[in-house]
Amino acid sequence: MLPSLEFLYEIWVRKALSTTGHTVLIYDYLLTFNDEILYIWNAPWTFVKVLFLINRYGNIAGQTLIMFEEAGVLAHDSQFFCQRFSIITSYFMILSSESIHILVLIRAWAIWGAQRGMSNFLIGGYVSYVLILLGVASYGAHHDSSEEFQYLDLVKICASAMPKLMWLCYVGSFILDAMTFVLTARSLRRYSREFQSLYPSDLLLLLVRDATTFFVFSMFNNAMIVACWTVYSNGPYTFLPKGFSGPLLSVAGQRVVLNLKSLPTRSYSTHDLSREVDRQLEAFAEESYWLSPRGQDSLDDPDCSREL
């Protein structure tokens, strides 16, 4: 039985978008390679540096493997290969997406003030969420092991249907991304109003721009997953989150890290720091006075306040 024209068109769109995702990833890597050498490799070894390099080069390796498969040079009409390929790319999609989310969350946590309670909540919630995703991916892999890949002998790439309700696990990603963005935007607004003398405007603008950009790409990736796994769950489009929106999300997250690293640091003189500390102490003293019984008496008796 020959595939329908609609199926062949979806195969063509899938190949084109997967090629676009890989191209954007490699192009951005070449554009930012000098920044990587300057700001990442020359920096001390930290958790952020290790995670950044794993995400960066893991994505290049994984997307290159996907690119070869989409070119039709790996499957060789093998159902067994497609089953293993589906399992590997499912885990790859989760690890790629969540590792870049962790990098951005670390930056967001610092912006929030590095509160221990918030960090415990995020770590617990995020670990639980990743375990759920891995469990769902394992279930999907079991489904693929019994699923025959469609028209493999003709199209030469692995295309199969997606199990129902798989998309529900990514509702949590919508919630986590929205919470992260709202808390980050709230903290940046507070910094822009209360600490203008300590935080330069270019830093705040960069943080706002990158937080907004990453949020948009993250929501786009989530929407792509939900759409492709519901409306188009029986066709080749189920692969688009792996080959198209996933690389775009990784590029956006890597840009957040590199942009922050490349921003020139500002040095503060003793006078600047002293002035900011004095301002905060004066505000605190004024607030404490008006909350004290004496301050309340002054509010009740204006003549007394003038005598003081």
Side-chain angles (χ1 to χ4, degrees), residues 1-27 59-97 133 136-171 173-174 217-251:
M1 181 177 177
L2 295 176
S4 64
L5 291 178
E6 181 182 3
F7 182 85
L8 293 176
Y9 173 75
E10 291 181 356
I11 288 289
W12 179 82
V13 172
R14 168 178 155 171
K15 287 184 175 182
L17 291 181
S18 296
T19 301
T20 301
H22 184 263
T23 302
V24 170
L25 185 69
I26 298 301
Y27 181 69
N59 265 288
I60 291 176
Q63 292 298 329
T64 301
L65 175 66
I66 288 174
M67 194 64 243
F68 279 117
E69 186 275 337
E70 294 296 280
V73 298
L74 295 180
H76 298 298
D77 301 343
S78 172
Q79 294 284 336
F80 178 79
F81 169 83
C82 285
Q83 292 168 4
R84 296 297 178 266
F85 179 78
S86 178
I87 295 173
I88 291 172
T89 53
S90 294
Y91 287 124
F92 165 74
M93 183 181 76
I94 294 173
L95 296 176
S96 172
S97 172
L133 288 181
V136 170
S138 299
Y139 168 76
H142 176 73
H143 173 270
D144 287 339
S145 65
S146 58
E147 179 81 9
E148 183 162 338
F149 290 83
Q150 304 167 356
Y151 305 108
L152 181 58
D153 57 331
L154 296 176
V155 298
K156 307 300 181 182
I157 66 174
C158 307
S160 65
M162 182 64 61
K164 294 182 179 179
L165 304 181
M166 284 271 298
W167 61 274
L168 286 175
C169 62
Y170 279 90
V171 173
S173 185
F174 277 105
F217 275 98
S218 186
M219 285 298 179
F220 173 74
N221 182 60
N222 294 332
M224 177 73 74
I225 292 172
V226 172
C228 292
W229 293 4
T230 54
V231 180
Y232 304 102
S233 61
N234 294 318
Y237 287 167
T238 57
F239 194 79
L240 291 182
K242 299 178 182 179
F244 178 59
S245 60
L248 300 184
L249 177 65
S250 295
V251 168

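Since this is a predicted model, take the numbers as computed values, not measurements. Nothing fancy with the numbering, it's 1 onward along the sequence.
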**Asked** Checking side-chain contact (heavy atoms from CB on, under 4.5 Å) for the pair Thr64/Phe68: CA distance, chi angles, key distance, verdict?
**Response** CA-CA 6 Å; Thr64 301; Phe68 279 117; 3.6 Å; yes
Closest approach of [X] and [Y], non-hydrogen atoms and distance?
{"X": "Ile11", "Y": "Pro236", "answer": "CD1-CG, 3.6 Å"}
{"X": "Asn234", "Y": "Ala161", "answer": "OD1-CB, 3.7 Å"}
{"X": "Gly21", "Y": "Pro247", "answer": "O-CB, 3.5 Å"}
{"X": "Val251", "Y": "Leu25", "answer": "CG2-CD1, 3.8 Å"}
{"X": "Ser97", "Y": "Leu249", "answer": "OG-CD2, 3.6 Å"}
{"X": "Ser90", "Y": "Lys242", "answer": "OG-NZ, 3.3 Å"}

**Cys228: partners by disulfide bond (SG atoms under 2.5 Å apart), with sequence neighbours left out** = none
**Parallel, tilted or perpendicular: ring planes of Phe220 versus Phe244, cut at 30 and 60 degrees** = perpendicular
Please examine the side chains of [Y] and [X], heavy atoms only from C-beta on, and report whether any two atoms are closer than 4.5 Å.
{"X": "Thr238", "Y": "Trp229", "result": "yes"}
{"X": "Val13", "Y": "Tyr9", "result": "yes"}
{"X": "Thr20", "Y": "Leu248", "result": "no"}
{"X": "Met162", "Y": "Tyr232", "result": "no"}
{"X": "Val155", "Y": "Phe7", "result": "yes"}
{"X": "Glu70", "Y": "Thr19", "result": "no"}
{"X": "Gln83", "Y": "Cys158", "result": "no"}
{"X": "Lys156", "Y": "Leu74", "result": "no"}

Which value, rounded to the nearest 0.5 Å, describes the distance between [X] atom [atom1] and [Y] atom [atom2]?
{"X": "Phe85", "Y": "Thr89", "atom1": "CZ", "atom2": "OG1", "answer": "5.0 Å"}
{"X": "Gln63", "Y": "Met67", "atom1": "CD", "atom2": "CE", "answer": "9.5 Å"}
{"X": "Phe239", "Y": "Lys15", "atom1": "CZ", "atom2": "NZ", "answer": "12.0 Å"}
{"X": "His22", "Y": "Ile66", "atom1": "NE2", "atom2": "CD1", "answer": "9.0 Å"}
{"X": "Cys82", "Y": "His76", "atom1": "SG", "atom2": "NE2", "answer": "11.0 Å"}
{"X": "Asn221", "Y": "Met93", "atom1": "CG", "atom2": "CE", "answer": "7.5 Å"}

**Residues Leu154, Leu2; criterion side-chain contact (heavy atoms from CB on, under 4.5 Å); working and verdict** = CA-CA 8 Å; Leu154 296 176; Leu2 295 176; 4.1 Å; yes
**Prompt:** Is any side-chain N of the basic residue among Glu69 and Arg84 closer than 4.0 Å to the acidic one's carboxylate O?
**Reply:** no
**Asked** Can you tell me if Gln150 uses its side chain to pair, donor with acceptor, with the backbone of Gly235 under 3.5 Å?
**Response** no
**Request:** Can you tell me which residue pairs pass the salt bridge (Lys or Arg N to Asp or Glu O under 4.0 Å) test with a partner in residues 219-239, sequence neighbours excluded?
**Result:** none
**Request:** May I ask you to check whether over 12 heavy atoms, not counting those of Tyr151, lie within 6.0 Å of atom OH?
**Result:** yes
